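These notes concern the structure reproduced below.
Every value quoted in this text rests on a predicted model; they were computed, and no experiment measured them. Counting starts at 1 for both ligands and their atoms, following the listed order.
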Amino acid sequence: MDLTKAEIIALLADEANEQNLFKKADEIRRKNVGDEVHLRGLIEFSNICRNNCLYCGIRKDNKHACRYRMEPEEVIRTARNAADMGFKTIVMQSGEDMYYNQERMCHIISEIKKFDVAVTLSIGERSYADYKAFREAGADRYLMRIETTDKELYHRLDPQMSWQHRYECLLMIKELGYELGSGIMVGLPGQTLESIANDLLFLQELEIDMAGIGPFIPHPDTPLSKEKGETLELALRTMAVMRIMLPDINIPATTAMESLHPDGRMAALRAGANVVMPNVTEGEYRRLYELYPGKAGADEIPAHSRSMLAQKILSLGRTIGTDYGSHIRK
Ligand code: SAH
């Protein structure tokens, strides 16, 4: 459904009536994508990053971050375990770590594709040739948040990076036939409701297949440590408005929401979300991929957290998706 910028801002601002907004988004979700919740197994395979985003706990200059990188065979083994647990999508996320060159990434992708799963990449900005090779190796989807469409804010928070370049990457990914996921952080220092409304209009115009919307959570070892975050409610309203604007896309209940409130993801599933991306990374690595503090599930074991999550989803009267859970345009 099309909303004007003024209408979006009014919905984002209306704390008092947010339950009505959530209810409406929930109904639109049910009508368009049904009661299935799709689970994606998320592997965080490297926290080494060449970038220095001010908000991010794994930024290059954070000397307190204990760095790790899984070897390709370890990534593949983790994916096989996740597929054995029943995940039909594997999401591979990392910092921008160029150790994973085209050849290594393609090897990992083609091996994981043998497990009868959809493969999603979330590894940031790469060359057209890389995106093309990954697609040919079998990658189905790509997630890359634009983070904010306020270019001034973007360049303040992501020094050395170019908003225009990130946008062009999104266009390349789309052109190559990936399902495209993008999204934003909500509650960034200096971000206004108008700016969030612009973001939502941008994502609608880009015709994304998936929208990841999460609250900004300040990390103590970053230049934004003293900023205020904790905007779960606004993040939920933003997500609900996105559902109204793009009724049939996939929308995850994000981990950052769960990190601000023990039931944040369940609240999101009742306000427009239809996807959850549980972390299936094993052992020590789980703790070390610390984009923000208090990340939900850091101390859990993948199989255990999957069954806990499944129980909670069933208790909402929802079911667990059994297929790839691709975006189907209506
Ligand atoms: N290198 C990949 C993955 C980035 S990490 C890429 O560039 O796409 C995944 C997402 O975590 C980011 O896109 C950002 O939106 C989010 N994130 C990073 N730091 C955060 C913080 N402090 N609070 C909340 N979300 C954060």
Side-chain angles (χ1 to χ4, degrees), residues 40 42-62 64-65 67 69 91-100 105 120-126 130-131 134 139 141-149 153-154 157-158 160-163 165-170 172-173 178 180-189 191 196 199 203 208 210-232 234-235 238-239 252-261 264 277 279 281 288-296 298:
R40 325 288 201 196
L42 173 65
I43 306 176
E44 298 163 333
F45 65 94
S46 167
N47 70 354
I48 296 173
C49 191
R50 62 180 173 182
N51 289 326
N52 234 340
C53 308
L54 264 51
Y55 42 80
C56 186
I58 65 168
R59 65 198 299 273
K60 185 173 68 188
D61 284 352
N62 180 9
H64 295 288
R67 304 287 169 172
R69 148 190 304 152
V91 182
M92 280 190 277
Q93 189 177 88
S94 68
E96 289 196 3
D97 180 357
M98 293 306 125
Y99 172 75
Y100 297 93
M105 277 314 295
T120 305
L121 301 179
S122 179
I123 61 174
E125 297 178 26
R126 305 286 293 232
D130 279 357
Y131 289 139
F134 302 158
R141 309 182 186 139
Y142 207 102
L143 301 183
M144 187 160 67
R145 291 184 178 172
I146 193 68
E147 317 294 3
T148 173
T149 56
L153 180 61
Y154 184 92
L157 298 181
D158 304 74
Q160 304 139 28
M161 291 178 76
S162 146
W163 188 91
H165 187 258
R166 200 164 179 85
Y167 173 55
E168 281 161 15
C169 285
L170 293 175
M172 290 183 221
I173 292 164
Y178 286 90
L180 174 63
S182 192
I184 57 161
M185 277 179 286
V186 170
L188 291 167
Q191 190 184 38
I196 298 172
D199 297 344
L203 295 170
I208 53 170
M210 185 275 212
I213 289 163
F216 157 65
I217 305 174
H219 189 295
D221 298 324
T222 63
L224 301 186
S225 60
K226 301 255 155 22
E227 297 293 336
K228 162 170 161 306
E230 313 272 315
T231 47
L232 177 61
L234 180 58
T238 305
M239 187 199 74
T254 54
T255 308
M257 290 176 172
E258 186 89 346
S259 306
L260 289 184
H261 188 281
M277 297 169 45
N279 188 351
T281 317
L288 300 179
Y289 195 82
E290 197 190 59
L291 304 174
Y292 45 81
K295 212 173 111 212

Name the closest protein heavy atom to [atom], giving the residue it belongs to and the distance to 0.1 Å.
atom                    : value
atom 25 (N) of ligand 1 : Met185 SD, 3.4 Å
atom 11 (O) of ligand 1 : Leu291 CD1, 3.4 Å
atom 7 (O) of ligand 1  : Arg166 NH2, 3.2 Å
atom 18 (C) of ligand 1 : Tyr55 CD1, 3.8 Å
atom 16 (C) of ligand 1 : Arg145 NH1, 3.7 Å
atom 12 (C) of ligand 1 : Glu147 OE2, 3.4 Å

- Parallel, tilted or perpendicular, as decided by the 30° and 60° cut-offs, for the rings of Phe134 and Tyr131: perpendicular
- Pick one of side chain, backbone, both or neither for how Pro215 approaches ligand 1, counting any non-hydrogen atom pair under 4.0 Å. backbone
- Item | Under-4.0 Å heavy-atom contact with ligand 1, by part of Gln93 that carries it | side chain
- Query: Does any non-hydrogen side-chain atom of Thr222 lie less than 4.5 Å from one of Leu54?
  - Reply: no
- Item | Pick from Ile217, Ile146, Asp158, Leu121: the one approaching atom 21 (C) of ligand 1 most closely through a non-hydrogen atom | Ile217
- In terms of its nearest heavy atom to atom 1 (N) of ligand 1, the top option of Cys169, Ser94, Cys56 is Ser94
- Side-chain donor/acceptor of Asp97 to backbone N/O of Tyr99, under 3.5 Å: yes
Which heavy atom of [X] sits nearest a heavy atom of [Y], and at what distance?
X      : Y      : result
Pro252 : Gly212 : CG-CA, 3.9 Å
Asn47  : Arg67  : O-NH1, 2.7 Å
Met144 : Leu170 : O-CD2, 3.4 Å

- Query: Which of the atoms of ligand 1 are close to Gly124, meaning less than 4.0 Å from one of its heavy atoms?
  - Reply: 2 (C), 6 (C), 7 (O), 8 (O)
- Partners passing side chain to side chain contact (heavy atoms under 4.5 Å, CB included) against Pro189 (at least two apart in sequence or in another chain): Phe216, Leu224, Glu227
